[in-house]
Amino acid sequence: MTIDEFILALKNASISLTEKQVQQFEQYFNLLIKTNEHVNLTAITDKQEVYLKHFYDSLILAHYVKPLQNESKTLIDIGTGAGFPSLPLKIAFPQLKIVMVDALQKRVNFLKEVVELLDLSNVDIVHGRAEDIGQNNSYREQFDFATARAVARTSVLAEYTLPFVKLGGEFLVMKGAAAEQELADSKKALATLGGSLVKSFDFKLPNGDQRYIQIVSKVTHTPKKYPRQAGTPSKKPIQ
Ligand code: SAH
């Protein structure tokens, strides 16, 4: 989508961007493409595709989860990579307090550069694995929301994200066509980790791609043994 189409599609979802925010997205795009020449950040480099598949796809989460738009909620983004979905959300909704986690130092370095360039505050960038950070009491059960996009199947993601969510908070699942199957396969993981599905939305991106957003509420504490040791959740998902 062109920038004008981006602005219009967001407006149709009741999300409006100021001129400054539109400019911040341009700056983010330019640094992403420039850095991607020597650091592997994204397979999508065409400008219209980045605006649709990274920026719009990230922001549309806030259309379904309204408190992201105007409440000072805390959000942790596991396996954020080049910053998706949390950085577009932070640009559009600056009152959010976000923590971005990634296991790759080079991606973390890029994120620090973007955050500085855009002059964003209340952003914490953490280098490490979800399995290790999830056992750290400064992060464990501290967040209103945890999310992750394109990191693992839902049963594995539940173990990466739910330990961070406070009681009453939510794990926001962002998925494509496999969403319903992955959710069915994660029944035991959600129950074990303290999650319960409350809502599910399905919709299409403007290009017709199928998307799902599933909202899992944190209803009981995550047992201390989760997340298990780094690597175990993906090798032996709870099921
Ligand atoms: N969320 C981004 C990136 C997806 S690629 C997007 O939607 O575009 C997956 C990212 O997750 C990679 O950057 C990888 O380093 C990170 N990752 C995978 N497993 C992880 C784990 N257990 N803990 C932290 N980061 C992880």
Side-chain angles (χ1 to χ4, degrees), residues 25 28-29 31-33 35-36 38-47 49-62 68 75-91 98-115 123-136 139-140 143 145-165 171-179 182 186 189 193 205 209-214 222 226-238:
F25 278 107
Y28 184 9
F29 170 76
L31 190 61
L32 175 70
I33 296 308
T35 311
N36 202 49
H38 54 96
V39 179
N40 179 13
L41 294 170
T42 173
I44 299 171
T45 53
D46 174 76
K47 188 164 186 176
E49 293 239 318
V50 169
Y51 272 74
L52 174 67
K53 296 184 178 172
H54 285 327
F55 295 166
Y56 179 85
D57 188 53
S58 295
L59 289 174
I60 205 63
L61 183 63
L68 291 173
L75 167 75
I76 188 164
D77 183 10
I78 303 298
T80 186
F84 308 117
S86 54
L87 210 41
L89 289 165
K90 176 67 191 176
I91 293 171
I98 66 167
V99 173
M100 310 167 88
V101 174
D102 204 278
L104 281 186
Q105 184 68 56
K106 284 183 176 173
R107 296 190 175 147
V108 163
N109 293 345
F110 165 75
L111 294 172
K112 288 186 176 159
E113 230 182 296
V114 188
V115 164
V123 178
D124 186 9
I125 302 164
V126 183
H127 174 229
R129 293 193 62 120
E131 300 93 313
D132 299 320
I133 301 161
Q135 288 293 354
N136 177 333
Y139 295 98
R140 192 178 175 89
F143 293 85
F145 297 109
T147 193
R149 192 189 77 155
V151 175
R153 63 207 133 123
T154 306
S155 56
V156 177
L157 272 192
E159 190 166 350
Y160 290 167
T161 56
L162 276 168
F164 293 103
V165 182
F171 162 31
L172 309 174
V173 190
M174 303 173 72
K175 286 286 171 184
E182 288 188 30
S186 68
L193 298 160
L205 290 184
D209 285 0
Q210 186 72 41
R211 286 287 181 275
Y212 291 79
I213 290 173
Q214 296 154 334
T222 299
Y226 301 104
R228 292 166 292 167
Q229 198 182 332
T232 304
S234 65
K235 267 184 243 131
K236 294 182 189 166
I238 303 166

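Atoms within a ligand are numbered from 1 in the order they appear, just like the ligands themselves. Just so you know, residue 1 is the first one in the sequence shown, and it goes up from there. All values below come from the heavy atoms of this structure, side chains included, with hydrogens, waters and symmetry mates left out.
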Atoms of ligand 1, numbered as shown, that sit under 4.0 Å from any heavy atom of [X]:
| X | value |
| --- | --- |
| Tyr160 | 22 (N) |
| Phe84 | 1 (N), 2 (C), 6 (C), 7 (O), 8 (O) |
| Arg129 | 22 (N), 23 (N), 24 (C) |
| Gly81 | 3 (C), 13 (O) |

Look at the side chain of [X] and the backbone N and O of [Y], then say whether any donor-acceptor pair between them is shorter than 3.5 Å.
| X | Y | value |
| --- | --- | --- |
| Glu182 | Ser155 | no |
| Asp102 | Val108 | no |
| Thr147 | Leu172 | yes |

*Just say parallel, tilted or perpendicular for the rings of Tyr139 and Phe164, cut-offs at 30° and 60°.*
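Correct class here is perpendicular.
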_With salt bridge (charged side-chain N to carboxylate O under 4.0 Å, His left out) as the rule and sequence neighbours excluded, what pairs involving residues 125-135 come up?_
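Applying salt bridge (charged side-chain N to carboxylate O under 4.0 Å, His left out) to every pair that reaches into residues 125-135, excluding sequence neighbours, yields Arg129-Glu131.
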*How about atom 20 (C) of ligand 1: does it have a protein heavy atom within less than 4.0 Å?*
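False for atom 20 (C) of ligand 1.
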*ligand 1 contact by Gly128, heavy-atom criterion under 4.0 angstrom*: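 It does; at least one heavy atom falls under 4.0 Å.
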_Approximate separation, where rounding is to 0.5 Å, of Asp77 CG and Leu61 CG_ =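 CG of Leu61 is found 9.5 Å from CG of Asp77.
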*asked:* Within this structure, what is the CZ-CG distance for the pair Phe55 and Leu87, rounded to the nearest 0.5 Å?
replied: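 Those atoms lie 8.5 Å apart.
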*Hey, does Thr42 have a side-chain heavy atom less than 4.5 Å from the side chain of Val50?*
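Answer no - side chains too far apart.
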*Hey, does Lys53 have a side-chain heavy atom less than 4.5 Å from the side chain of Asp209?*
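In contact.
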_With Asn109, the side chain to side chain donor-acceptor pair (under 3.5 Å) member among Arg107, Gln105, Lys112_ =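 So the option named by the test is Gln105.
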Measure the distance from [atom] to every protein heavy atom, then report the residue, atom name and distance (to 0.1 Å) of the closest one.
| atom | value |
| --- | --- |
| atom 16 (C) of ligand 1 | Asp102 OD2, 3.3 Å |
| atom 9 (C) of ligand 1 | Ala150 O, 3.6 Å |
| atom 3 (C) of ligand 1 | Gly79 O, 3.4 Å |
| atom 23 (N) of ligand 1 | Ala130 N, 2.9 Å |
| atom 18 (C) of ligand 1 | Val151 CG1, 3.9 Å |
| atom 12 (C) of ligand 1 | Arg107 NH1, 3.2 Å |
| atom 25 (N) of ligand 1 | Ala103 N, 3.3 Å |
| atom 22 (N) of ligand 1 | Glu131 OE1, 2.9 Å |

*Counting heavy atoms only, which part of Thr80 comes closer than 4.0 Å to ligand 1: side chain, backbone, both or neither?*
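Just the backbone.
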